[in-house]
Amino acid sequence: MRHLSGTIILGIGTLLAVLGAAFAADSLFRAHALILALTLGIATIVMARLVQVNGNTEVDKSGYMDEPIRIGVILTVFWGVIGFLVGVIIATQLAWPDFNWGPYLNFGRIRPVHTSAVVFAFGGTALMTTSFYVVQRTCRARLWGGDGLAWFVFWGYQLFIVMAATGYLLGITQGREYAEPEWYVDIWLTIVWVAYLVVFLGTLVKRKEKHIYVANWFYLAFIVTIALLHVVNNLAVPVSFLGVKSYSLFAGVQDAMVQWWYGHNAVGFFLTAGFLGMMYYFLPKQAQRPVYSYRLSIIHFWSLIFLYIWAGPHHLHYTALPDWTQTLGMAFSIMLWMPSWGGMINGLMTLSGAWDKIRTDPIIRMMVMSLAFYGMSTFEGPVMAIKAVNSLSHYTDWTIGHVHSGALGWVGMITFGSLYFLAPRLWGRKQLYSLRLVNWHFWLATLGIVMYVSALWVAGITQGLMWKEYDSQGFLVYSFAESVAALHPYYIIRMVAGLLYLTGGLIMAWNIYKTIRGDVRNEKPMASPAAQPAE
């Protein structure tokens, strides 16, 4: 019977989680195990109902496996709205500290919820969803491993998201940037990620198309490298196998170096290489144009993945890290400018002969804006890696602005465009519910990003200059509290900018919901036909 084995496995998992709670070595592990038991218990009930409903119904395996992709589109939108909402909340807390509600909803606990919700929940689910779609279409093959393995990867990753987020709220954390989950959650993610690699690689191996399209190279580099980064950075010894606490295998400056080798390349391969795979498929498809230069895309790929892996030390300028290592990281960061802009130019030039679509197609407009922010942030990053600039920018809000120009501008916009491309096709609709709502989303998101980044550029430079201001006797002119007070107007602007971006996300959720229903809004075309030239 379909779903019977899954129901049994989930039931066993629920039982083990209950036993883990019963014999927990500390209260935090007990609470987390109970959350796991509740999550798996609900999943068991849902799966059991599916067994009763479907009985012996066979699955049609003649076509592509799109069921997880449909759920992935919905969950990507959901996690995006959650991530943007939590971002607005923590921006409000920074502007007005009275909004810190302890202990579970203070800034220290929900800030990693925001970063993980945007990066791993929204971004990760988008990458998993689009990679499953792209690899099947470009290989002309159904996902390898049967329905069970693909569903395990998808729902296993969602379970990781739930466990990570609830752990942060409980105060369970390693204190490692972008790698906060404790050892047992890391082990689960490793299992899921290896299964993800097997599904993706297996589909490539059994492909019916001889050529491997460049988007698949970027997706594969993202999957393989993140597996390597995750395993090495999270090598740790647990204090107890039924307790939350563990100690890293690394210490001191070596621990810092491993962490930022991981941290920078999580940005480089999770938030760059994976989404470049998205760009190389969905931009040409939406524009109905071939990639401008396939050779440039291959040069872009190999140079990017070779250079990125060396750039992590630029996060540790002016620390105990050896000076030659800092300089090495700076040099490779500067070299990264070239392949990054090669990819941006390749994407923009793909629109050669189709630039008029920007007037009439807001989805293309989103993708072009994403490339603009990709180019800007990949220029700004190398500049900030230069030691002289870093002495001013590091530890300031300039870095936060830089990260968000990449995350909201590049990652957010290319994901929105891809979701708008996927929704009508996955549900067999002729078009989106409303292109004008896509246009509203575009302008709200763009205005939000520009306000956010501009405010934090000014805030960061203000911070850096105030911290470095000395009087004639060599004493600091400003206290830290005075520098914080000076930033209050910019923090309010950041909160308003986040609200605009969140509003755009809510509009997207409504638009995709109505598209799934099959509704079409009665509205005028985006632009009138172009005027004919005078004779």
Side-chain donor-acceptor pair present, [X], [Y], cut-off under 3.5 Å:
{"X": "Thr203", "Y": "Gln136", "answer": "no"}
{"X": "Ser418", "Y": "Tyr281", "answer": "no"}
{"X": "Ser377", "Y": "His402", "answer": "no"}
{"X": "His264", "Y": "Tyr308", "answer": "no"}
{"X": "Thr190", "Y": "His230", "answer": "yes"}
{"X": "Gln259", "Y": "Ser248", "answer": "no"}

So does [X] have more than 12 non-hydrogen atoms from other groups sitting under 6.0 Å from [atom1]?
{"X": "Tyr478", "atom1": "OH", "value": "no"}
{"X": "Tyr318", "atom1": "OH", "value": "yes"}
{"X": "Trp193", "atom1": "CH2", "value": "yes"}

Measure from the side-chain N and O atoms of [X] to the backbone N and O of [Y], and report whether any donor-acceptor pair falls under 3.5 Å.
{"X": "His488", "Y": "Ala485", "answer": "no"}
{"X": "Arg109", "Y": "Tyr168", "answer": "no"}
{"X": "Tyr196", "Y": "Tyr157", "answer": "no"}
{"X": "Asn233", "Y": "Tyr262", "answer": "no"}
{"X": "Gln93", "Y": "Leu105", "answer": "yes"}
{"X": "Thr225", "Y": "Phe222", "answer": "no"}
{"X": "Trp261", "Y": "Pro313", "answer": "no"}
{"X": "Arg30", "Y": "Ala22", "answer": "no"}
{"X": "His314", "Y": "Met330", "answer": "no"}
{"X": "Gln463", "Y": "Ser483", "answer": "no"}

Heavy atoms, side chains only, cut-off 4.5 Å: are [X] and [Y] in contact?
{"X": "Ser391", "Y": "Lys468", "result": "yes"}
{"X": "Met495", "Y": "Trp96", "result": "yes"}
{"X": "Met279", "Y": "Leu276", "result": "yes"}
{"X": "Ile161", "Y": "Ser116", "result": "no"}
{"X": "Trp467", "Y": "Leu476", "result": "no"}
{"X": "Phe275", "Y": "Met278", "result": "yes"}
{"X": "Val411", "Y": "Val119", "result": "no"}

- Verdict with supporting geometry, Trp183 and Gln174, side chain to side chain contact (heavy atoms under 4.5 Å, CB included): CA-CA 8 Å; Trp183 64 274; Gln174 293 187 91; over 6 Å; no

Closest approach of [X] to [Y] (non-hydrogen atoms, all atoms of both residues):
{"X": "Ile69", "Y": "Leu426", "value": "CG2-CD1, 3.6 Å"}
{"X": "Trp398", "Y": "Ser393", "value": "CE3-CB, 3.3 Å"}
{"X": "Pro112", "Y": "Phe107", "value": "CD-O, 4.4 Å"}
{"X": "Val134", "Y": "Ala215", "value": "CG1-CB, 4.1 Å"}

- Message: Evaluate Trp79 against Phe122 for ring pair (Phe, Tyr, Trp, His ring centres under 6.0 Å), listing each step before the verdict.
- Response: CA-CA 5 Å; Trp79 288 125; Phe122 171 66; over 10 Å; no

- Step by step, work out the side chain to side chain donor-acceptor pair (under 3.5 Å) result for Tyr219 and Thr130. CA-CA 10 Å; Tyr219 279 125; Thr130 56; 2.9 Å; yes

- Scan Val496, Thr446, Leu499 and name whichever one has a side chain to side chain contact (heavy atoms under 4.5 Å, CB included) with Met451.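 Running side chain to side chain contact (heavy atoms under 4.5 Å, CB included) over Val496, Thr446, Leu499 with Met451 returns exactly one hit, Val496.
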
- Message: If the test is side chain to side chain contact (heavy atoms under 4.5 Å, CB included), which one of Leu321, Thr325, Thr327 qualifies with Asp323?
- Response: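 With Asp323 as partner, side chain to side chain contact (heavy atoms under 4.5 Å, CB included) holds for just one option, Thr327.
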
Using the ring centroid of each side chain, check whether [X] and [Y] are separated by less than 6.0 Å.
{"X": "Trp310", "Y": "Phe332", "result": "yes"}
{"X": "Tyr178", "Y": "Phe270", "result": "no"}
{"X": "Phe29", "Y": "Tyr184", "result": "yes"}
{"X": "Phe84", "Y": "Tyr501", "result": "yes"}

- Message: Under the criterion side chain to side chain donor-acceptor pair (under 3.5 Å), I'd like the reasoning laid out for Thr125 against Gln158: C-alpha separation, chi angles, the key distance, then a yes or no.
- Response: CA-CA 8 Å; Thr125 304; Gln158 300 305 307; 3.3 Å; yes

In terms of ring plane angle, is the pair [X] and [Y] parallel, tilted or perpendicular, where the classes change at 30° and 60°?
{"X": "Phe152", "Y": "Trp188", "answer": "perpendicular"}
{"X": "Trp260", "Y": "His315", "answer": "parallel"}
{"X": "Phe154", "Y": "Trp151", "answer": "perpendicular"}

- May I ask you to say whether Asp26 pairs ionically with Lys245, meaning some side-chain N is under 4.0 Å from a carboxylate O?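 Salt bridge between Asp26 and Lys245, a charged N being under 4.0 Å from a carboxylate O: no.
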
